[in-house]
2 protein chains.
Amino acid sequence: MIDEEGLDALNMRALAQRLGVSTMALYNHVDDKRDLVNGIARNVIGSFDVPVTPDDWQEQLRATSHILRRICLANPRMIPLIEKADVLGPAAFRPMEAAVASLAKAGMEPREALTAYFLVVNFTLGHSSYELRGPFRGLDPAEALRSGHLEAQTFPFTTQAVSGREWDFDAAFEFGLRTILEGLEARLSPR
Amino acid sequence: MIDEEGLDALNMRALAQRLGVSTMALYNHVDDKRDLVNGIARNVIGSFDVPVTPDDWQEQLRATSHILRRICLANPRMIPLIEKADVLGPAAFRPMEAAVASLAKAGMEPREALTAYFLVVNFTLGHSSYELRGPFRGLDPAEALRSGHLEAQTFPFTTQAVSGREWDFDAAFEFGLRTILEGLEARLSPR
DNA sequence: ACCTGAACACCGTTCAAGT
DNA sequence: ACCTGAACACCGTTCAAGT
């Protein structure tokens, strides 16, 4: 129901009906709606499983970012759902531990390594959120240009950037991830 | 009302009461609740004004990121609000144009420059969102460790990273921003 | 042009009653 | 242990009526 019509479309009455059961029957299995949403969020994030490559921090971070992005895109309404969740369970921490471990092995101090992990994750979530939201909202330059919210003469560079080919979210994501990893590498092995 | 109790606490009845007016009077000034929220979002994003430094792309991006973060932290409930908004107006695009222009001036192709801008903005929004959410939710390792959701023996590196000093969001933000700018610089002027 | 109260449709949840 | 319908409190919005 969330995938189809969004988090707001999930209500106890409709869910019960879809399950062929009375509304109040749900409350035998779930404390309240908050509890229900928490369970869903934990379930989604439960699939956040990343192969562990302790000797290759770049691959570790790259895999984490790609898998997290894939989860986001496969569950388009997940991000607000995660934000509404209270606790996400240990599944959210395992890729973190693996990433920090691999960076520590490469010589980075654990606290800085955790910071680096957040850098990657926050970019990934931010980008996925933008990617899911952008094309439908006034934040997307190409769309804004089309709808007239963004005038070509006032924003020449932006206009030039979005003209021609369609905007390529995959390429933008790869560019961002690559840039971050290069920045981290420069930090790990200064010339 | 949003700042005090969150977006959900904003309802037409309570807002009207606070304004000392009947509920339906609001509908003379606003189409519906969606329209109201859009207006608030546009208002908040209206303060997204960044000094323009065409000859210093690093300063341009740094200032953009800092100001955007300050807006987020000053309006803790803004991020879901922005996500709910339909159109944000030209204020959202001016810093974008300035950033793309400065990067283009430094020799970057406009499309790549726009991608770089999104990298910075998505990281900033992702980080701010995390910063506002983290301490209160199960996503914060330090908090998870305290509450027992994260066991020290299973997550030794993470545990080590969050033990000792309190987690420093400012430092983590600076680290992320610096790393990104270094990555971009390496891309602009390869050795 | 702006305001108002009554009413409608909807939703989460409590409660008393059942099996 | 699980289910049910009635009821309550709440919320967005329409409508008819006012100034």
Side-chain angles (χ1 to χ4, degrees), chain A residues 1-46 75-89 129 132-133 136-139 147 149, chain B residues 1-46 75-89 129 132-133 136-139 147 149:
Chain A
M1 289 173 67
I2 293 176
D3 280 349
E4 287 169 19
E5 306 175 66
L7 192 54
D8 289 340
L10 172 72
N11 69 72
M12 306 303 269
R13 281 174 161 90
L15 175 62
Q17 197 182 0
R18 206 177 269 224
L19 262 44
V21 89
S22 90
T23 306
M24 295 320 299
L26 302 178
Y27 287 81
N28 287 307
H29 306 275
V30 128
D31 283 349
D32 49 20
K33 192 177 179 177
R34 210 172 111 287
D35 186 36
L36 174 67
V37 171
N38 279 345
I40 298 171
R42 240 191 306 262
N43 207 310
V44 170
I45 215 64
N75 305 75
R77 322 280 188 155
M78 186 194 80
I79 297 181
L81 191 141
I82 281 192
E83 285 172 2
K84 274 208 162 70
D86 294 304
V87 165
L88 290 174
S129 180
L132 291 168
R133 190 176 67 240
F136 315 109
R137 301 294 179 78
L139 286 163
S147 67
H149 287 283
Chain B
M1 290 173 66
I2 293 175
D3 280 349
E4 287 168 19
E5 306 175 66
L7 192 54
D8 289 341
L10 173 71
N11 68 72
M12 306 303 270
R13 282 174 162 89
L15 175 62
Q17 196 181 1
R18 205 179 270 225
L19 261 44
V21 90
S22 90
T23 305
M24 295 320 300
L26 301 178
Y27 286 82
N28 289 307
H29 306 274
V30 126
D31 283 348
D32 49 21
K33 191 175 179 178
R34 209 172 111 287
D35 186 37
L36 174 66
V37 171
N38 279 345
I40 299 172
R42 240 191 307 261
N43 207 310
V44 169
I45 215 65
N75 305 75
R77 322 279 188 155
M78 185 195 79
I79 298 181
L81 191 139
I82 283 192
E83 286 173 1
K84 276 208 161 68
D86 293 305
V87 166
L88 291 173
S129 179
L132 291 166
R133 190 176 67 240
F136 313 110
R137 301 295 178 79
L139 286 164
S147 66
H149 286 284

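So that the names make sense, note that chain A is the first sequence line, chain B the second, and so on, each numbered from 1. A quick note: this is a predicted structure, and the numbers were derived from the prediction, not measured.
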**Report entry** Proximity to the side chain of Arg13(A) - top-ranked nucleotide from dT4(D), dA7(C), dT13(C)
**Finding:** dT13(C)

Query raised in the report: How many angstroms lie between CG in Asp8(B) and CZ in Arg77(B), if you round to the nearest 0.5 Å?
Result: 9.5 Å

Query raised in the report: Once you round to the nearest 0.5 Å, how far does CG of Leu7(B) lie from CD1 of Ile79(B)?
Result: 12.5 Å

Query - Side-chain heavy atoms of Leu19(A) within contact of Leu26(A), under 4.5 Å - result: yes

Report summary line: Atom CG of Asp8(B) and atom P of dG12(D) are separated, to the nearest Å, by 10 Å

Query raised in the report: Distance from Leu36(B) atom CG to Lys33(B) atom NZ, nearest 0.5 Å?
Result: 8.0 Å

Query raised in the report: Looking at CG of Leu132(B) and CG of Asn75(B), how far apart are the two atoms once the value is rounded to the nearest 0.5 Å?
Result: 10.0 Å

Query raised in the report: Rounded to the Å, how far apart are Gln17(B) CD and dG5(C) P?
Result: 12 Å

Query raised in the report: Whole Å only: how far is the CG atom of Leu15(B) from the C1' atom of dG12(D)?
Result: 13 Å

Report task. With DNA chain D as reference, determine whether Thr23(B) or Ser22(A) sits nearer its 5' end, using the nearest nucleotide of each. Result -> Ser22(A)

**Report entry** Whole-Å distance separating the CG atom of Leu10(A) from the P atom of dC11(C)
**Finding:** 11 Å

Query raised in the report: Which value, rounded to the nearest 0.5 Å, describes the distance between Asn43(A) atom CG and Asn38(A) atom CG?
Result: 12.0 Å

Report summary line: Listed range with range, the stems formed with DNA chain C by at least 3 consecutive Watson-Crick or G-U pairs (under 3.5 Å) are C:4-8 with D:12-16, C:12-16 with D:4-8

Query - Nearest-Å distance once atom C1' is located in both dC3(C) and dA16(D) - result: 13 Å

Query raised in the report: In whole Å, what is the span from the OH atom of Tyr27(A) to the C1' atom of dC3(D)?
Result: 15 Å

Query raised in the report: Looking across every strand, which nucleic acid part, if any, lies under 4.0 Å from Asn28(B) by heavy atom: base, sugar-phosphate, or nothing?
Result: base

Query raised in the report: When all nucleic acid strands are considered with a 4.0 Å heavy-atom cut-off, which category describes Leu36(B): base, sugar-phosphate, or nothing?
Result: nothing

Query raised in the report: Whole-Å distance between dT4(C) C1' and Met12(B) CE?
Result: 15 Å

Report summary line: One should read off an interatomic distance between Ser22(A) OG and Arg13(A) CZ, to the nearest 0.5 angstrom, of 11.0 Å

Report task. Assign Met24(B) to base, sugar-phosphate, or nothing according to its heavy-atom contacts below 4.0 angstrom with the strands shown. Result -> base

Query - Interatomic distance where CG belongs to Leu26(A) and P belongs to dC3(D) [whole Å] - result: 9 Å

